[in-house]
Amino acid sequence: MKEQSMSGIKPVATVMEMRTLRAAMEKDGKTVGFVPTMGALHAGHASLIKASASACDRTVVSIFVNPTQFGPAEDLSKYPRPLAKDLALAEASGASAVFAPSDAEMYPPGCSTWVDVQGPSQGLCGASRPGHFRGVTTVVAKLFNIVKPHRAYFGKKDAQQAAVIRKMVRDLDMDLEIVVCPTVREKDGLALSSRNVYLGEKERKAATSLSASLKAAAESARNGEKDAAVLKTLIRDAITGKAERLARIDYVEIVDGETMLPVEKVDKPSLAVIAVFIGSTRLIDNADIG
Ligand code: AMP
């Protein structure tokens, strides 16, 4: 099937075109919601687009596999890029426009400015993936400047990313509202992710250990266990017990959901956050705890 016959939406490829489209929305007095993505869209992305479309007059989705947030040994070149399917899903979920620029459009030669948020970006994925959040905040700041949304929608699945973006918006006085939407999961609990397509059959089964371990820890906390060390051990054991040798834990932590700093006692609402390699695929997940 030809790309464009699957969807009426034609991707906007240049910053100039996107600015022109945005100016027309401004002239018509429309509120604009924005959903930044790296494409390979699934029901998690769709939930953000739907949330925006129900609250805003217009919804802009961006699809950009941002090279500056990938480390040299990461999956940039094999990251899935099914553009035609993505356009159809974005449109069906309520998007009014899709901004899908090239690398050269976003990072023309000579580009030398970074947005580097300290604090919540430093531990967890920030420690395991040096430079990752600097790439995320730089591209998101650029996208905010191009799309100029009233609201931008992010998934709780990437809780640290959401905390870093919220901090960037506060620290740099960016004039928009950040909305964080719940994680969408498969029936067996696995959080939807564009990277789930990398999982083989056995790995896919082992991957359910992430959400199962978080559920067990949340339940234990509800039943009165407040010691973060005990809860972290419970999570680790649940993952290695269920996924056996297919799982390699990157981190298991219990943190304050805003600062992303570890807590010792779960005596106020906190967040259990985990990153686990299943085979060679790195998956993340999190759950409210306490
Ligand atoms: P990505 O394309 O992976 O960069 O994700 C784009 C946006 O979709 C981010 O705000 C993610 O947090 C969000 N997202 C990804 N997976 C899910 C999910 N399973 N549920 C809700 N939001 C998600």
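Both counts, for ligands and for their atoms, begin at 1 and track the order of listing.
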Open item on the list: Less than 4.0 angstrom from a charged side-chain N to a carboxylate O is my criterion; do Asp285 and Arg185 meet it?
Closed with: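 A salt bridge links Asp285 with Arg185.
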TODO: Considering only NZ, NE, NH1 and NH2 on the basic side and carboxylate oxygens on the acidic side, decide whether Glu219 and Lys215 come within less than 4.0 Å.
DONE: no
Open item on the list: Looking at Tyr198, I'd like to know if the NZ or CZ of Lys78 sits under 6.0 Å from its six-membered ring centre while staying within 45 degrees of the ring's axis.
Closed with: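 Yes, Lys78 sits over the ring of Tyr198.
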- [ ] At a heavy-atom distance under 4.0 Å, which protein residues reach ligand 1? Sort them by chain and number, would you?
- [x] Pro36, Thr37, Met38, His42, Gly44, His45, Leu48, Phe154, Gly155, Lys157, Asp158, Gln161, Pro182, Thr183, Val184, Leu192
Open item on the list: Please enumerate all residues that pass ring pair (Phe, Tyr, Trp, His ring centres under 6.0 Å) together with His132, with sequence neighbours excluded.
Closed with: none
Open item on the list: By the side chain to side chain donor-acceptor pair (under 3.5 Å) test, which pairs, at least two apart or in different chains, include something from residues 272-284?
Closed with: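 Those involving residues 272-284 are Asp250-Arg282.
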Exercise answer: donor-acceptor pairs, residues 265-274 side-chain atoms, under 3.5 Å, sequence neighbours excluded:
from	atom 1	to	atom 2	distance (Å)
Lys268	NZ	Asp256	OD2	3.1
Ser270	OG	Lys268	O	2.8

